[in-house]
Each structure stands twice: as C-alpha cells, then as structure tokens.
Undergrad: 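First, the structure itself, so that you have it in front of you.
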Amino acid sequence: MSRSEAEDVVKLLEHQKQTALASKHRKGQKATNKPTRQMLDFSMAQHRTPLTTATGAGMYSMRTCVVSFAYPPSTTPLKQLQEITLSQLKLETNHTGKALIVRTFDHPLRHVATQNIVEDKEVNVDRLSVYNLDPSMPPETILPKGAIFAIKQPYYKATADGGYSVRVDHPSDLLQLDVENTLVPAELAPRCGVFQEGGHSGEASLRFDLYRNRAIVNLYLCRYEYACSDALVSLIPDSFEEAGDRREGLNSKALYRAGRAEYHLENFTAAKNHFEQALTLTPEDGDCKRELQKTKERLQEETEGLFNFTAISNLVNAKRNKVDHVSYLGKVEVRAGGVCGRGLFTRCDIKAGDVIMVEKGFCVAFSSEAGTETYRIMNLNTNRMDSGTHATRLFKTVGKLLYNQSQAKRLLDLSDGEYTPKCSAHIFDDVVSVDTFQTQAILERNGFACADVRSCDEKEDRKDKLSSSTGVWITASCINHACAGNAWRSFIGDLMIIRATKDISKGSELLMPYAVVEAENNKTQDSLQKSWGFTCDCSICAAEKKVSSSHRTQCENITKEIDTFLTDHKHSTSARASKTVINNAEKLYCRMKGPYTDELFQYLPCVGLINLSLWLCTAYSTSSSPAKVIHAAITVLRDLGYEVQLTGSNVTIDRTHAYLEPTAVHAVMYAAQACYQQGKRDLYAELEEIGKEMYVTFYGELRGFEKTYGAPKCFAETWCEGVIGVGAMEEKRILPYTYTVTVS
Ligand SMILES: C[S@@+](CC[C@H](N)C(=O)[O-])C[C@H]1O[C@@H](n2cnc3c(N)ncnc32)[C@H](O)[C@@H]1O
C-alpha cells in the first residue's frame, strides 16, 4: 500500500468514526418521518442489486464492515425481558431489559448485513439488519419471509440513507420464535394453518425419532454439542419394548451421529467409543467402520504426532483447504511466566527443524471459499482497519460460537487487550451469548494471516495481496513474539505446522516473530505497537535501541539508498550486473555495516544488511570464484545471525541468535552450489540438507524446493550459466501478515 493510499484509508476510518459519533447526538430521540410499508418494499427492491461489481480491469469496489461502538450482548432469558414495540424505540439507544417481537414480510437480502422488513403487533413497520453472521449462510435461512423473531435489547439506528433500522450486532440477541411460543402476540401468529404435533408429542417412540433426526440436522448446521446431546437422548433403552428389533439399528444410527459430533469437536476418544458401541449393534455398518478407522488415525496423530505432510499437501487445493487432520500438542504446554503473561513452553528438547506442534485451525476464512469476500473491516473501538478476509473470519467465528459453548470458552480465554466487560459465554434461550466486539478484539490480537492453500505456493510478497486468508489457531495464539524467535509457522490448508528454527531445550518459552522484521527498527516497533499493543525487547530490538542517534540517522539514510539501488538493479538481474554496479553495491554494504558495531551486534542479525548482502551473493555467483561466493553466502547467513563454519568436510552452524527467512535458504544453497563447483561433494551434501531443513521449516514441506534451487545434478551446468535459482528466487522478503492501519 502506498503512502497516499494509507492516508486515504486513515481518512476514511476517521470519517466513519466522526459519522458514528455525530449520530450519537440523536440518542434518545424518537424517529420522525418513518418510511411507510410501500417505501420499505421499494427500498428493498432497489437494494437487491449487488454492491460488489467489477468496474474495469483490476478495479473493484470493496465492501466495508464497520465494527461499531461496543456494547455487551443480552444475558437475560427472553421470558424475563419486557416487550417493546417499534413505535417505542428510541434512536441510538440500546434498549436493555427489553425485547421486540416482529414478523418479517419480505424476502431477505444480504450486503454487509442480512436485512429484511418487519412488522410488529401494532402493524408498524421498519427495517431489521443483522450483522456478523456467516456469509455462506443464505439470507433466507437467517431472516426468512413470514418468520417471527424476538430481538433482545434492540438497538435502533438512523441509517445513512435517511431511514432507520433495528440493528443486531450480537447474533445471540436474535431468536427465531416458534408460532406456538406463548410470547408471540396473537396479532403476529400466522393466519394459515401450521403443523401441530397433536397428540403425538407424548409418544416416546416419536420423541426418540425426533431427537435422532434433530441430531443429524444439528450436525449439518455445525452445532456439534447439540448434535451430540440430541443423539444420546435419542438412544432407546432396553426397557422400551415397543421398539422391538428396530432398536439396535436405530441406536447404532444415534451412536454414529454422536460419534461424528464428537469427532468434529475433536473429542476423539469419545468418538471412538461411540463408533465402537455402534459396531457392536450393527457390525457390518460400513460408514461406521470407516469413521472408526479415521478416528483411530486422528488419535494417533493427536498422541504421537505422526503426519504425512506430503500426502496431506497432495490433497489440498483452493476448493478443499480444510484438511481432515487434527492437532498435535504433545510437546508443548501453555502456562504463565512468558515474556508477557501467558506463553507456550516446550515439554522436551527439540532440535532445529523438528516439528514442535501441529494445529488444526479453529476458524479460518480462506479467500477462495464460497461466501468469503474481501472487506475492509473498521473497528471504531480499536481504531484499526484491516483488509482481507478479516470480516469473514469474524462472521464465521461468531457463527461457530453461537451453538458450541465449549468452543466459545476456548476462544474467549485468549488475550483480548483488556476488553471489558468480559463475556462469559453462558447459554440463554438455547444460544450462547457471544460478544461480537470482544470476539473481534480477540481476533485482532490472535489472528494469523495464512496461505490460501499452502505456504510453499506463496512466495510472492503478501503486501500486494488484498485478500489473503486469515484464521485463528488457539494454542499457537499463546506464543509470544520475539523478532529472533525460536519457532516459525507454515500452513498446509488449515493445518498450522510450527517447527523449531534453532535447538530448543525442555522448558523454554517458544517465541515467534509476529510480523516481518524491518530494516528500520522503529517500523518494526510501530507495527507491533499498532497491531498487538506492545514494543519488542528481544535481543535484536534491545541492540537496536542502543544504537547511537547519529548511527541511526546514518542507517535510515543508507536504507533509503539501498532501497533505491535494489529497485534500480532488480535482484533477478544481479547475476548479470556490471563490475561498476557490483562495486557500488559493495561500497553501500560497507557504509551500512558501519553502524552495526561488533560491540552491539557481534552475533546478532543485522537486518538492514540482509537484502543487499543477498544481492551481492547472487552477483558473485556468475562473476567470481566459488570461494568468493562461499564467503558471500556465509556473510548473508552472518547478517541473519547464523554463525557458519566450513571445515574440511564439516559444516558447523550456530543458530543461537538466528532469524530465519527464505534468504537463509538461498544463501545456504549458494554455498552448497559453490562447494559442488569446487568438487567438495560432502560439504555440498551437508549444506543441501541444511538448506532443505530450513526450507521445510519455513514452508512446511519440501514441495517447490527443486523448482527453486534446481536438481542437484544440474547444479554444475546451471552454475556455469549463472542460472541457479536466480529467476526462481523471490526478490523481496516475505511479509506474513496482512495490512493493518491504525489511527491514534
Ligand atoms: C497472541 S497473544 C500472546 C499470548 C499472550 N501473552 C497471552 O497471555 O495470552 C499477543 C499478546 O501478547 C503480548 N505479547 C506478545 N509478545 C510480547 C512481547 N514480546 N512483549 C510484550 N508483550 C507481548 C501482547 O499483549 C500481545 O497483544
């Protein structure tokens, strides 16, 4: 994003905030000139035209989701609320202690909110807008025509088009009511006949059937806790003789459904028990056998951490990015005593490159998924604006929590930046009361940008991507930040794989860079402060803070010169650079190295040198001797904080202070190639192993390695032409997070 674009975004957020603040002056007023039923009908028809339309090559309009000023969800059962009518609503007011009962009378539509027009028992009409629900849910399932709804603590708003709307920010405040519900006023009861259970409701066998069938509906609706309890309630006891020889088949079905619900809740031991019990009743049930087998595999993954990442990677694609695998957390534990509050600690020694943990996404919004759109999401509470799939991530997360209390509790346990009041996720009227604003605060602090399909496919700079996928991984969220951390994450579908970037001893805290470490430390600190509310004090940042102000100014100026140099002399062309250009780069490098004094940075990464250092290494790869390339590659690694020594046929590498990024793999592979050229095959093989290990740590798997670095036997030939990797290696360092703009 350019500076002027960023300024526009800041202005937009400021404008939105001022508009929201200005509307507050109407708080408590009654609405005047309310639209009639015909006017509302007309406006609905007009709004059915889609908002997001292509406006030319490469141009599009983006939806904006505004997270308005926070208020908590209702935590009172409907029966205890006092009825309010549309005519009694006051503007910009949260009608605490009240409930509005209305009936929808048109087909709903969805833009950012799902909308419909409603009437109450006094035959007054108005608009109803429900925010923050999963966009993949068709609007007809949210606000169907002719349905009756109770809106707890309704919020009434003047809208930008001069009209009004009852606004629901917390979906748990919206309840669809059964026509038989005694709270439904007679005036709103449907005029046509409805299905009545009649005298059957008391019949036990029908009751079992209904629960069993509701279990499957709840499974499809992803309401797994409800699905499981329905399935178990539907089990027909032996004493119920009426069921006769149908009992075993029906109970097997119920147990199968309970097993599937537990599987989705990742309670694999319970799932296994249900499937096994079902198979004792119907031993030949193929579905049950298949699910039991899958469950056993998940249990093995969960307890032993046995994953075939290549096989998993082969199965994922843009349409199928949610994998059927499970988290492995056996080597880690969450506890207090991290660099800030809680942290994640190791329960055993872990070697560089080894898997530390694997976590299945709690909720992921993939940009390629149906219903996912690129939104701007503006949070007026945190003054933050993100673009990408963040809005969809919020809607999906809220949707997941509404009917799964245990999942809601897990998410609400994460750091929320001191959000108040805290939501306790209690169940009222069969729905978990979920605070959308707190959920968004949690997602802002704990969300990760992730690959659309796999990390190794995404080697381009994410800065240019507006729609990158985002999600939340609960255990990984407990990892605190350090620029030169000891762990790195990669993704295959919605599976996050965290590997060690250096040797880690038992009981150590895991630390991971949240965002790219910038050449200018104040930029890194700004980004951490704006997005996560802290400044970093890791070894790199502590050294950077001690840099004298004259050296800092020198660094800032030379960084600009380096940027200009790298723009003028693209990395991909450096292999063909003239002697003069190389000379200029060397001089620039020496000047930049000055401020990185040994006193402060003897073993630490010198972030401002990395890009130029790699450029030089690439340039030497065609114009200089292998010995010079090896020296240059070791210099790149040194600038990344790796201490490398090549002695005889041995490579020793000290990663204590290292900062892993793809540049490290490039440097190792340049060194490997140069060793090959010198005929030092042992060194070459060892370096290649290190390069592969770093690559896998960064990207999660080896896929794409050969394409980038060439097959080993081609090295000698490609070397002579100076081709190796140059075209395939990316020019820029990777930014793992999507853009965030904050207004103070
Ligand atoms: C994703 S959470 C990490 C887990 C968190 N410590 C907890 O107790 O749940 C991110 C928050 O942790 C804190 N944090 C993470 N790394 C930090 C660091 N290096 N220094 C200070 N605070 C940090 C910040 O408050 C940040 O917003």
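Please read all numbers here as calculations on a predicted model, not as lab measurements. Just so you know, these numbers use all the heavy atoms, side chains as well, and skip hydrogens, waters and symmetry mates. Just so you know, ligand 1 is whichever comes first in the structure, and atom 1 is the first atom listed for that ligand.
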Undergrad: So which protein residues pack against ligand 1 under 4.0 Å, heavy atoms counted?
TA: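 Ligand 1 is contacted, at a heavy-atom distance under 4.0 Å, by V339, C340, R342, S415, R445, N446, S477, C478, I479, N480, H481, Y514, W532, F534.
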Undergrad: May I ask you to test the D324-Y263 pair for a side-chain heavy-atom distance under 4.5 Å?
TA: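 In short, these two side chains touch, coming nearer than 4.5 Å.
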Undergrad: Partners of Y328 by ring pair (Phe, Tyr, Trp, His ring centres under 6.0 Å), sequence neighbours excluded?
TA: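 Ring pair (Phe, Tyr, Trp, His ring centres under 6.0 Å) list for Y328, sorted by chain: empty.
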Undergrad: Under 4.5 Å between any side-chain heavy atoms of N381 and F69, yes or no?
TA: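 In contact.
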Undergrad: Taking the six-membered ring for Trp, are F309 and F307 parallel (under 30°), tilted (30 to 60°) or perpendicular (over 60°)?
TA: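 The arrangement is parallel - the two ring planes meet at less than 30°.
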Undergrad: Working to the nearest 0.5 angstrom, can you tell me the gap between S527 OG and E518 CD?
TA: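 One gets 7.0 Å once the value is rounded to the nearest 0.5 Å.
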Undergrad: Could you grab the distance from atom CD of Q525 to atom CZ of F534, nearest 0.5 Å is fine?
TA: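 The CZ atom of F534 is 8.5 Å from CD of Q525, to the nearest 0.5 Å.
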